[in-house]
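What follows is a short report on a single structure.
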Amino acid sequence: MSERRWHFIPATVSLCWVYLGVGAVLLVSSILTLTGTDGRAPVLTVIAAVAAVALIAVAAVGLARPKLRGR
């Protein structure tokens, strides 16, 4: 039986840059939405902000450590 693994780090440099760009846009959008909201923060916006930070972290690891790409 073959073992399946999850691959979090993008396989190429260009995909790392795409992940970084999408994460940055998503984070800026979430921050703008959260600063313009009076009262309680919308749950989906907070989840989107956390996902954006995770996406940026994954892209940064892929750019900083080339041997980890595609693993």
Side-chain angles (χ1 to χ4, degrees):
M1 207 179 239
S2 67
E3 182 180 334
R4 292 187 179 243
R5 293 184 174 182
W6 290 12
H7 302 284
F8 291 106
I9 309 298
T12 63
V13 176
S14 59
L15 273 178
C16 289
W17 284 109
V18 169
Y19 276 34
L20 189 65
V22 169
V25 168
L26 187 61
L27 184 61
V28 168
S29 173
S30 297
I31 289 172
L32 290 175
T33 301
L34 287 172
T35 57
T37 304
D38 293 334
R40 296 181 63 185
V43 174
L44 290 178
T45 305
V46 174
I47 292 171
V50 171
V53 170
L55 201 59
I56 291 170
V58 166
V61 168
L63 289 171
R65 303 284 308 263
K67 291 182 180 181
L68 293 179
R69 284 190 210 128
R71 291 186 177 189

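Along the sequence shown, residues are numbered consecutively beginning with 1. FYI, side chains are in, hydrogens and waters are out, and symmetry mates aren't considered; it's all heavy atoms of this structure.
- Taking both residues in full, the closest heavy atoms of Val58 and Pro10 are given as CG1-CD, 3.8 Å, listed atom of the first, atom of the second, then distance.
- The side-chain contact (heavy atoms from CB on, under 4.5 Å) check on Leu55 picks up Tyr19, Val22, with sequence neighbours excluded.
- Ile9 CD1 to Leu15 CG: the interatomic distance, rounded to the nearest 0.5 Å, is 12.0 Å.
- Residues that satisfy the side-chain contact (heavy atoms from CB on, under 4.5 Å) test with Leu34, not counting sequence neighbours, are Ala41, Pro42, Thr45, Val46.
- Taking all atoms of both residues into account, the shortest heavy-atom contact from Ala49 to Ser30 is N-OG, 3.6 Å.
- Hydrophobic clustering (ILVMFWY, side-chain heavy atoms < 4.5 Å, transitive): Val50 and Val61 are in distinct clusters.
- In the hydrophobic clustering, Leu32 connects to Val28, either directly or through intervening members, whenever side-chain heavy atoms lie under 4.5 Å apart.
- Rounded to the nearest 0.5 angstrom, Leu20 CG and Leu63 CG are separated by 6.5 Å.
- Note on Val53 and Trp17: same hydrophobic cluster, where clusters join Ile, Leu, Val, Met, Phe, Trp and Tyr whose side-chain heavy atoms are under 4.5 Å apart, directly or indirectly.
- Although no hydrogens or angles enter the test, the distance criterion places a donor-acceptor pair under 3.5 Å between the side chain of Thr33 and the main chain of Ser29.
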